[in-house]
Amino acid sequence: MAKRSIHWFRKGLRIHDNPSLIAACENAVDVKPIFILDPWFSENGNVGINRWRFLLQTLLDLDANLKKINSRLFVIKGKPQEVLIDLFKKWNITTLTYELDTEPYAKLRDADVDDLARECGVEVIRCVSHTLYDTKRIVDKNGGSAPLTYKRLQTVVSMLGLPPKPVAEPSKCPTAVSMNHDQHYGVPDLKSLHKNPNECGPCLFPGGETEALSRLDRMMKKTNWVCTFEKPKTEPNSLQPSTTVLSPYLKFGCLSARTMYHRLHEIYKQNKKHTAPPVSLEGQLLWREFFYTVGSVTPNFDQMVDNPICIQIPWDTNVEFLAAWKQGRTGYPFIDAIMTQLREEGWIHHLARHAVACFLTRGDLYISWEEGKKVFEEYLLDADWSLNAANWMWLSASSFFYQYFRVYSPIAFGKKTDKDGSYIRKYLPVLKNMPTQYIYEPWTAPLKVQEKAGCIIGKDYPKPIVEHDKIRPINIQRMAQAYKNRPDKSCSGETKGKGQKRKPELKTEERNSKKAKTTSKTNKKITDFMKEGK
DNA sequence: TTCCTGTTGTATAC
DNA sequence: GTATACAACAGGAA
């Protein structure tokens, strides 16, 4: 029987380094490259307007690239399980190919589809190409569980050798296309998806494989920059991005992580002196790999409850604070500028994410990281399920990172790299005439200064919703308490998880009594604070 | 059990 | 720019 394939694009929205697309094309008489607009993502995906635009741009570009190899993209709306069963029959399909996806919804969906394919006598070919390695191999090599530190991840992947080299584009992809293809299978625009294009922000990072590869080229040409790149030393509030902004392209698979990895590797080979993980550009790809791996095997990875690697913290519920944070009106210009850039442009620097995430959670507002994660999920072009959950756990000191006493200052942190507050003036124009000495703390400006700057605090720009210096030590103590209340991990499986056993108290009597004193004092502070809050 | 390390804290002193 | 106190966490290696 002649081979007739469907290649199902989900992530991996590219024709370079796409082994499952190659598998679809091999010896086939007909290949149908499809993308299914699954209503699940509209209902549960929390996709903001800018990311919708990015996706549609990406699909248009994918269609254009497929045309170059004599094919077309077929975009179909519907539930994948139903769409595929129709198409198997309609197109007399023998083979289905797709890229492996490790996210929970994808795993369930794909298991369903595999069953349907089996019932229909359709062969299924799945390839790993979204991550550098097959995350299952990393888990296996680590003894059946995910590595929980970056160091450990590094050790494990070093045992696996270099990630596979990217595969070449398919040279031909024979696709029968009807005259009215665009009418039936064309890429929709925002309006036809009932989205309002006027709500989009400026398009600084257009979607698509073509843009991804040219952006990668631009970045890799800066050899010296690549070889000296140290992530923690890049600036969160520069007016031009200080990092690559390849993340949205990696998220959708417009860019293959392996392609990027091996491009870096070539550059490193030619330049003896270069930075190394975790801070280097290669290190950034390994962070992605790390979080994908942990996310692929950890139950309830995107929530606190029933997530075995997440510390249970009794976060506050405060809808007003949450809304102020989301909408960029906390009264802290650095925080509000970042949240404005996020909402309007869909990308913010990693350290800017740190600053606002710390502020929302353990630093200032003491609101659950899950709430912050939802907001990032909506606004970020690069919102990536594993990375988003992992980084929110990191910043809230719920997992991976535990030094909860290291708190970012919403005033001091931004000053380090933008003394004049140009970034704040750009994203919060209401503050653009505030004198530099007050730009990070405009509430401290004398009224006359505020009048002259055309920005009255409390009227034109909000007063701070919390006092950072007062709330910070209180929150640190609340975190200490939450850590202390953790179930003892060393106890047996039977008692484990019941939350009865407590970690031993501090070692010496002296410290013990000192600690007890501080804690009770702080507890009183917390109680007083709560009362005042009401 | 102890010791070391951990991408990216802040404020202060020199 | 670099060192240090702050008050002190967890995971993992030794």
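In what follows, chains carry the letters A, B, and so on, assigned in the order in which the sequence lines appear, proteins first and then strands, with residues in each chain numbered from 1. Note that the coordinates shown come from a computational prediction; the quantities given were computed from them, not determined experimentally.
Protein atom CD1 of A/I313 is 13 Å distant from nucleotide atom C1' of C/dA10, rounded to whole Å. As a whole-Å value, the separation of A/Y402 OH from B/dT5 P is 19 Å. C/dC9 atom C1' lies 13 Å from atom CD of A/Q477, rounded to whole Å. As a whole-Å value, the separation of A/L281 CG from B/dT7 C1' is 13 Å. Atom CD in A/Q481 sits roughly 12 Å away from atom P in C/dA8 (whole-Å rounding). Spacing between atom CD of A/Q154 and atom C1' of B/dT5 amounts to 13 Å, rounded to whole angstrom units.
Of the candidates B/dT8, B/dG6, C/dA10, B/dG6 carries the atom nearest the A/Q403 side chain, counting heavy atoms from C-beta on.
Aromatic rings of A/F359 and A/W325 (six-membered ring for Trp) have centroids beyond the 6.0 Å cut-off, not under it.
A tilted orientation is assigned to the rings of A/Y440 and A/F334, their planes being inclined by 30° to 60°. Using the six-membered ring where Trp is involved, A/W225 and A/F229 have ring planes that are perpendicular, over 60° apart on the 30 and 60° scheme. The aromatic rings of A/W394 and A/F400 sit parallel to each other, their planes meeting at less than 30°, with 60° as the upper class boundary.
Using a cut-off of 4.0 Å between Lys/Arg side-chain N and Asp/Glu carboxylate O, A/K415 and A/E441 are scored as salt-bridged. For A/E377 and A/K374, the salt-bridge test fails: no basic side-chain N is under 4.0 Å from an acidic carboxylate O. Taking a cutoff of 4.0 Å between a charged side-chain nitrogen and a carboxylate oxygen, A/K326 and A/E378 qualify as a salt bridge. Ion pairing of A/K11 with A/D101 is present here, as a side-chain N (NZ or NE/NH1/NH2) and a carboxylate O approach within less than 4.0 Å. Ion pairing of A/E209 with A/R215 is absent here, as no side-chain N (NZ or NE/NH1/NH2) approaches a carboxylate O to less than 4.0 Å. The pair A/D217-A/K222 does not count as a salt bridge, with every side-chain nitrogen at least 4.0 angstrom from each carboxylate oxygen. Ionic pairing of A/R263 and A/E282 is not present here: no N-O contact between side-chain nitrogen and carboxylate oxygen is shorter than 4.0 angstrom. We find that A/E320 and A/R329 are not joined by a salt bridge, their nearest charged nitrogen and carboxylate oxygen being 4.0 Å or further apart.
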DNA chain C base-pair string [pairs: Watson-Crick or G-U under 3.5 Å; |: paired with another strand]: ||||||..||||||
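Using modelled atom types, no side-chain atom of A/H130 and backbone atom of A/F252 make a donor-acceptor pair closer than 3.5 Å.
Taking CD from A/Q270 and NE2 from A/H265, the interatomic distance works out to 11.0 Å, rounded to the nearest 0.5 Å. Rounding to the nearest 0.5 Å places OH of A/Y379 at 12.0 Å from CZ of A/R51.
As rounded to the nearest Å, C/dA10 and B/dT10 have P atoms that lie 22 Å from one another. Between B/dA13 and C/dA7, the two P atoms lie 16 Å apart (nearest whole Å). For B/dC4 and C/dA8, the C1' atoms lie 15 Å apart once the distance is rounded to whole Å. Taking atom P on both nucleotides, B/dT7 is separated from C/dA13 by 14 Å, rounded to a whole Å.
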Where protein sits on nucleotides 9-14 of chain B, one letter per nucleotide: B base, S sugar-phosphate only, - none, heavy atoms under 4.0 Å: BSS---
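Residues from residues 272-280 of chain A that place a heavy atom under 4.0 Å from any atom of DNA chain B, listed by number: A/P278, A/V279. Against DNA chain C, the stretch residues 142-152 of chain A makes heavy-atom approaches under 4.0 Å through A/L148, A/T149, A/R152. A heavy atom lying under 4.0 Å from DNA chain B marks the following residues of residues 336-351 of chain A, by number: A/H350, A/L351. At a non-hydrogen distance threshold of 4.0 Å, A/Q284, A/W287 from residues 282-293 of chain A come into contact with DNA chain B.
Across every non-hydrogen atom of A/S129 and A/D17, the tightest pair is CB-O, 4.2 Å. Among all heavy-atom pairs drawn from A/C455 and A/L431, the shortest one is SG-CD2, 3.8 Å. Of all heavy-atom pairs between A/P166 and A/H262, the closest is CD-CD2, 3.6 Å.
For the pair A/T58/A/Y249, no side-chain contact is recorded, criterion being any heavy-atom separation below 4.5 Å from C-beta on.
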